[in-house]
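Counting starts at 1 for both ligands and their atoms, in listed order. If you're wondering where the values come from, they're calculated on a predicted model, not measured in any experiment.
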Amino acid sequence: MTHFEPQTMGQQFGRRSWAEPWKIKMVEPLRVTDRDTRERALDEAGYNTFLLRSRDVYIDLLTDSGTSAMSDRQWAGMMMGDEAYAGSVNFFHLESAIQHYYGYRHILPTHQGRGAEHLLSRAAIKPGQLVPGNMYFTTTRAHQELAGGEFADVVIDQAHDPDDPHPFKGNVDLDKLDTLIATRGAANIAYVSLAATVNMAGGQPVSMANAKALKALCERHEIKVYLDATRLVENAFFIQERELGYQATRIADIVKEFTSHTDGAWSSAKKDSLVNIGGWLAVNEWPLFEELRNQIVLFEGLHTYGGLAGRDMEAMAIGIAESMQDDHIRSRIGQVRYLGELLTDWEVPIVHPVGGHAIFLNARAFYPQLSQDEFPAQTLAAELYLDSGIRSMERGVVSAGRDPKTGGHHYPNLELTRLTIPRRVYTQAHMDVVAESVKTVWDNRTAATGLEMIYEPKYLRFFQARFKPRHG
Ligand code: PLI
């Protein structure tokens with residue numbers, strides 16, 4: 001059991017555990033399948049967990065995106081949807097929630113995170129410009145490249161090492177950025193794309209000091225900083241825990257201080273904000289907002305609904321407020337850590353420190369016999385599904401895709417399989433079952449022979465690529 005410093009309990013009773021700050025009101029049955037069924041399902045899915053039918057999955061750790069359980073208050077809010085085409089009351093609730101908690105001036109709802117990425121990239125990148133960022137994210141980089149931008153990785157080197165214990169592995173390397181500005185010129189930089197936390201590094205946080213120093217550096221060169229705030233609340237938890245001076249600061253205040261070091265943000269509300277669909281884009285600067293507000297009507301919908309129903313915006317407004325509660329975020333990350341500690345005790349190789357939303361298995365360490373062209377992380381996701389019906393996601397060479405200039409694979413140092421924990425959905429007993437299945441796959445690791453890609457789509461190939469076993 002993971003322990004946090006008890007806030008309200010006396011020490012005289014010895015051991016005191018944390019627990020979820022909610023109880024369960026409605027349940028959804030799970031289906032357990034046998035191995036034959038799973039073998040057939042995986043074969044039909046081309047050994048890609050994205051192509052499985054969810055009815056063939058037992059514990060679904062594909063993603064924490066849109067998979068949260070909503071609260072009774074959020075469901076009540078859904079019933080208060082104002083489905084007017086224009087000027088829905090729910091839009092104004094959402095706008096106030098984002099202004100209040102994130103502190104930005106001008107807000108647009110979008111159907112999800114990538115809708116916001118699309119709009120920002122079109123409006124703020126000129127073809128040929130660089131977009132430095134603290135490690136790539138799949139959809140973010142894809143939209144930057146589609147807009148003619150070139151992504152440049154400026155995350156600290158420690159982020160690429162699964163074992164490095166740095167407490168803020170998501171930090172921007174300010175020297176790398178400075179060099180980029182000096183060699184390419186500030187005018188050739190569209191903006192800095194800052195993610196908090198960094199998904200592909202293992203859900204690793206950015207420190208407040210780093211965000212502040214980044215803003216100061218960028219201001220000197222008149223470069224804007226736009227934030228991917230998708231998991232900023234999780235990032236704030238790590239600041240509260242690890243950064244000197246923040247232990248007594250509320251999560252909501254840390255979030256607001258962090259965003260004050262940026263010029264705007266986008267978010268997939270399907271993560272931190274506890275909804276099944278939705279996103280937003282927010283900036284402080286008027287001319288940019290005017291351009292975005294004009295573009296949104298082409299791609300998402302009117303600026304007061306952005307592709308969402310009124311009820312979705314209401315659920316998002318309530319979810320934003322719930323996500324900022326200190327006890328919520330402590331139990332959310334506590335559950336991720338519980339799984340991480342079980343695996344660490346059994347010496348299963350995972351990314352350390354454990355991040356905010358997932359456990360990332362180090363597939364290179366599972367399968368040293370496989371080269372990256374044999375897709376170790378995809379293989380590990382397949383083996384885990386075959387063992388128990390648990391669904392995970394590849395976050396290695398398949399996700400990294402191809403370099404648009406050379407056409408060759410990107411070969412990331414991190415070859416990971418992600419066990420992503422939906423919010424408020426599974427119990428600690430489910431985490432035990434997951435850990436035991438991972439341990440079985442770890443014990444059988446020498447038998448794995450890898451996969452061959454037999455179909456590769458042009459964009460974001462990890463979603464729809466198909467594979468077959470190399471020997472089998
Ligand atoms: O899936 P969207 O379009 O709502 O959001 C895209 C997106 C943007 N930024 C970050 C950091 C993400 O993690 C993200 C989506 N992530 C998914 C789907 C995931 O499984 O991690």
Side-chain angles (χ1 to χ4, degrees), residues 48-50 52 54 60-68 108-121 131 133-146 151 153 155 159 169-170 193-206 226-235 262 264-282 299-300 306-308 312-313 315-316 319-320 336 351 355-360 377 381 391-396 398-401 414 416-423 425 459-464:
N48 184 346
T49 52
F50 277 101
L52 288 166
S54 76
D60 201 346
L61 305 186
L62 181 71
T63 178
D64 63 331
S65 181
T67 53
S68 295
L108 290 170
T110 58
H111 78 282
Q112 58 182 82
R114 69 199 72 179
E117 289 170 339
H118 175 215
L119 294 175
L120 182 67
S121 301
V131 191
N134 53 344
M135 200 175 266
Y136 86 99
F137 183 69
T138 54
T139 58
T140 317
R141 187 181 64 191
H143 280 294
Q144 291 164 352
E145 288 174 351
L146 277 176
F151 173 77
D153 189 2
V155 78
K169 278 166 99 170
S193 178
L194 177 70
T197 59
V198 179
N199 192 347
M200 302 303 275
Q204 302 296 330
V206 177
Y226 296 123
L227 172 69
D228 183 340
T230 296
R231 297 188 184 83
L232 178 59
V233 181
E234 292 176 0
N235 198 101
T262 66
W266 71 94
S267 175
S268 168
K270 300 169 73 174
K271 285 79 164 175
D272 266 359
S273 306
L274 298 162
V275 286
N276 303 126
I277 193 70
W280 51 264
L281 177 57
F299 297 107
E300 298 281 310
L308 295 170
D312 297 325
M313 292 190 282
M316 206 195 303
I320 287 170
V336 177
V351 171
H357 65 301
I359 297 301
F360 289 72
R391 170 152 69 171
S392 56
M393 186 195 287
E394 195 267 5
R395 296 275 78 160
V398 183
S399 295
L414 296 175
L416 309 172
T417 304
R418 191 181 73 175
L419 302 166
T420 337
I421 315 298
R423 296 165 185 78
V425 170
Y459 298 114
L460 299 173
R461 63 183 183 181
F462 57 95
F463 283 129
Q464 291 151 347

| message | Determine whether a donor-acceptor pair (N or O, by modelled atom type, separation under 3.5 Å) exists between the side chain of Glu300 and the backbone of His111. | response |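 Yes.
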* Asked: Is there a donor-acceptor pair closer than 3.5 Å between any side-chain N or O of Asp272 and the backbone N or O of Val233?
  -> yes
| said: Regarding Asp60 and Arg391, does a basic nitrogen lie under 4.0 Å from an acidic carboxylate oxygen? | reply: yes
For the pair Glu234 and Arg423, find out whether any cationic side-chain nitrogen is under 4.0 Å from an anionic carboxylate oxygen.
yes
* **Val336: which of Thr420, Leu419, Ile359 passes side-chain contact (heavy atoms from CB on, under 4.5 Å)** =>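 Result for side-chain contact (heavy atoms from CB on, under 4.5 Å) with Val336: Ile359.
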### Query
When Thr262 is tested against each of Asp228, Leu232, Leu227 for side-chain contact (heavy atoms from CB on, under 4.5 Å), which residue passes?
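Exactly one candidate clears the test, Leu227.
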Heavy-atom proximity to atom 15 (C) of ligand 1, picking from Glu117, Met393, Lys271, Arg114, points to Lys271
(message) Can you check which of Arg418, Gln112, Met135 brings a heavy atom nearest to atom 2 (P) of ligand 1?
(response)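 Nearest heavy atom to atom 2 (P) of ligand 1 lies in Gln112.
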* **Asn199-ligand 1 polar pair, N/O distance under 3.5 Å** =>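 Yes, Asn199 has an N/O under 3.5 Å of an N/O on ligand 1.
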* For Arg395, is at least one N or O under 3.5 Å away from an N or O on ligand 1? ->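 Between Arg395 and ligand 1 (N or O atoms, distance only) the closest approach is not under 3.5 Å.
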Quick one: look up the protein heavy atom nearest [atom] and list residue, atom name and how far away it is.
atom                    : value
atom 14 (C) of ligand 1 : Phe137 CE2, 3.2 Å
atom 6 (C) of ligand 1  : Thr139 OG1, 3.4 Å
atom 9 (N) of ligand 1  : Asp228 OD2, 2.7 Å

Paired with Asp64, the side-chain hydrogen bond (donor to acceptor under 3.5 Å, both in side chains) test is passed by just one of Arg231, Arg418, Lys270, namely Arg231
If the cut-off is 4.0 Å to any non-hydrogen atom of [X], which atoms of ligand 1 fall inside it?
X      : result
Thr63  : 19 (C), 20 (O)
Lys270 : 4 (O)
Ser268 : 2 (P), 4 (O), 5 (O)

Counting heavy atoms under 4.0 Å, the part of His111 that contacts ligand 1 is neither
Please confirm whether Arg231 approaches ligand 1 to less than 4.0 Å, judged on its heavy atoms. yes
request  = Could you give me the CA-CA distance, side-chain angles and deciding distance for Arg395 and Asn199, then say whether side chain to side chain donor-acceptor pair (under 3.5 Å) is met?
outcome  = CA-CA 10 Å; Arg395 296 275 78 160; Asn199 192 347; 5.2 Å; no
